[in-house]
Every structure is written in structure tokens, then in C-alpha cells.
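Encoded as C-alpha cells, the structure appears first; notes follow it.
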Amino acid sequence: MCIKKQDIVVIHLLNKYFVLYEKFYTLILPFHTLTRCQKCPKKNEMERLRKKILLESILISYLIGLPIGLITILIVFSIPVTITGDGIITILIIEIYGKAIIGLILSFIIALGFAGRNAYENLLNENTLIKTSFKYSLKVNLIIWSVFMIITLFDNFKIESLSYLIFPIIAFIICVLLTTYTIGLLICFMIKKKIRLLIND
């Protein structure tokens, strides 16, 4: 069998190619494996840290917001009775807003979780403390007073006048303004502090 000169050249080039390929693969494989091994734990660690901060933020929202909020709701609906001292006022409040108050309390408990999550995301996106507090307060109050008004409307649909909606509308505006600079600001400040502590750790 006669091997041509051109075939010898091709075989020689192929041998050189495979030798170079093996050297390249031997060098790059450990590096690739090392890089992959280094990145995975860091990625998992960051993901674990983000989840931890998120849960801590929601917990802060509940620990501070829930007791203060429930006490505030109790005080707000007790003011007319305390001022007038009339039992008829109490009966009217229960008659008009009784079911709506229960809906407001239940929706408030749910809203704190959503608002805590949003505060965490806003602070991670480097929103200012006041802006985050405003968004937090707006979200909570928008949810609870919307539920309150919807239940009130369904429960009093036979009444022609909608004057009973004046109270929740005014309450919504006042609560957003007050909580933005009080409880909302405190909660967002504590969440921001917790984010810094966890990241530094």
C-alpha cells in the first residue's frame, strides 16, 4: 500500500491538532470545574441570605405593625362612644360598620405581610426611607380601607345615602399621612437596619 506525501502531511497536522487539543482541555477543565464549584456556593449563599432578609422583614412588619395597628383600630372606633357616652352611637357603629370592621382587621393581618415584602424590595433597590415608608403605609391602608368600604357598601346597599362612606375615606387619607411618618417609618427603619446587619454578617 502506497501512502502519498499529502496524506502524511494531513496525518501529521491532525496529530498536532489532537496534541494541542488535549493540552488545552487539560488546562481549561480544572479551571472550569474550580470556577463552577466556587460560584455555586456563593450563589446558594446569596439566595439563602436574601430569603432570610425577606422573612426577617415580614416578621418585623408583623411584630411592630400588628399590635400597634390593632390598638389603633380599637381606639379609632371607640372615640365616638367615648366622646358622647351614648350607647346608641355604639349600636349605630356596629349596625353600619360591624362586619366591615372584622373585614378590616383580617385584611390588615394579610396586608402587613405584603407591605413588609415590598418594603424589603424597595430598600434593596435603594429607595429612600421616607419613600419606602409612604409606599408601605399606602399599600396597607389601601388594602384595609378598600375592603372596609366594599363590605360596608354590600352590608348597607338598601340605604340610599352614601354618607357612611365619608368616614372610611377620611380615615384612609389621615392614616396614610400619619403612618408614613410614624409606625411605617419605624418599621422601614428596622427593616433597613436588619438588611445592613445581615449583609455585614
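If you're wondering where the values come from, they're calculated on a predicted model, not measured in any experiment.
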Report task. Check the surroundings of atom CZ in F189: do more than 12 heavy atoms from other residues, nucleotides or ligands lie under 6.0 Å from it? Result -> no

Query raised in the report: Rounded to the nearest 0.5 Å, how far apart are CD1 of I109 and CG of L112?
Result: 8.0 Å

Requested in this report: From the options L74, V147, L70, select the one residue that forms a side chain to side chain contact (heavy atoms under 4.5 Å, CB included) with I105.
Outcome: L70

Query raised in the report: For F114, does the CZ atom have more than 12 heavy-atom neighbours from other residues, nucleotides or ligands under 6.0 Å away?
Result: no

Requested in this report: Is it possible for you to say whether L153 and L104 belong to one hydrophobic cluster, with membership spreading through side-chain heavy-atom contacts below 4.5 Å?
Outcome: yes

Report summary line: Nearest heavy-atom contact between A100 and T152 is CB-OG1, 3.2 Å

Requested in this report: Test L138 against F172 for side chain to side chain contact (heavy atoms under 4.5 Å, CB included), laying out the working first.
Outcome: CA-CA 9 Å; L138 182 64; F172 166 73; 4.0 Å; yes

Query - Distance-minimising heavy-atom pair for Y164 and N156 - result: OH-O, 3.3 Å

Requested in this report: Measure the spacing between CG of N122 and CG of L129 and express it to the nearest 0.5 Å.
Outcome: 11.0 Å

Query raised in the report: Are L124 and L55 co-members of a hydrophobic cluster defined by side-chain heavy atoms under 4.5 Å apart?
Result: no

Report summary line: Rounding to 0.5 Å, atoms CD1 (I73) and OG (S78) come to a distance of 11.0 Å

Query raised in the report: If every non-hydrogen atom of G116 is compared with every non-hydrogen atom of S57, which pair is closest and at what distance?
Result: O-CB, 3.9 Å

**Report entry** Distance, nearest 0.5 Å, that separates CZ of F148 from CD1 of I169
**Finding:** 11.0 Å

Query - same_hphob_cluster(L178, L66) at 4.5 Å side-chain heavy-atom cutoff - result: no

Report summary line: Closest non-hydrogen atoms of A119 and C188, given as atom of the first, atom of the second and distance, are CB-SG, 4.2 Å

Requested in this report: Taking all heavy atoms of D155 and all of E95, pick out the closest pair and write down the distance.
Outcome: OD2-O, 4.2 Å

Query raised in the report: Roughly how far, to the nearest 0.5 Å, is the CD1 atom of I53 from the CD1 atom of I191?
Result: 11.5 Å

Query raised in the report: Does atom CZ of F134 have more than 12 heavy-atom neighbours from other groups under 6.0 Å away?
Result: no

Query raised in the report: Would a hydrophobic clustering, with Ile, Leu, Val, Met, Phe, Trp and Tyr connected at side-chain separations under 4.5 Å, put I144 with L177?
Result: yes

Report task. Please check if any side-chain donor atom of Y136 sits under 3.5 Å from a side-chain acceptor atom of T179, or the reverse. Result -> no

Query - K135 vs N127, side chain to side chain contact (heavy atoms under 4.5 Å, CB included): CA-CA, chis, key distance, verdict - result: CA-CA 10 Å; K135 288 181 178 180; N127 285 1; 3.2 Å; yes

Requested in this report: Starting from the C-alpha separation in whole Å, work towards a yes-or-no answer on side chain to side chain contact (heavy atoms under 4.5 Å, CB included) for L165 and M149.
Outcome: CA-CA 7 Å; L165 290 179; M149 284 190 280; 4.0 Å; yes

Requested in this report: Measure centre to centre between the rings of F167 and Y97, then say whether the value is under 6.0 Å.
Outcome: yes

Requested in this report: For I58 and Y120, run side chain to side chain contact (heavy atoms under 4.5 Å, CB included): C-alpha distance rounded to whole Å, both residues' side-chain angles, the deciding distance at 0.1 Å, then the answer.
Outcome: CA-CA 8 Å; I58 294 171; Y120 153 79; over 6 Å; no

Query raised in the report: Do I143 and Y62 belong together in a cluster built from hydrophobic side chains that touch within less than 4.5 Å?
Result: no

Requested in this report: Using a 4.5 Å cut-off on heavy atoms from C-beta on, say whether the side chain of L106 contacts that of I102.
Outcome: yes

Report summary line: Closest non-hydrogen atoms of T180 and V176, given as atom of the first, atom of the second and distance, are OG1-O, 2.5 Å

Query - Check: Y181 and S133 side chains under 4.5 Å, non-hydrogen atoms - result: no

**Report entry** Value rounded to 0.5 Å, distance of CD1 in I96 from CD1 in I101
**Finding:** 10.5 Å

Query - Cationic N near anionic O, under 4.0 Å, E121 to R117 - result: yes

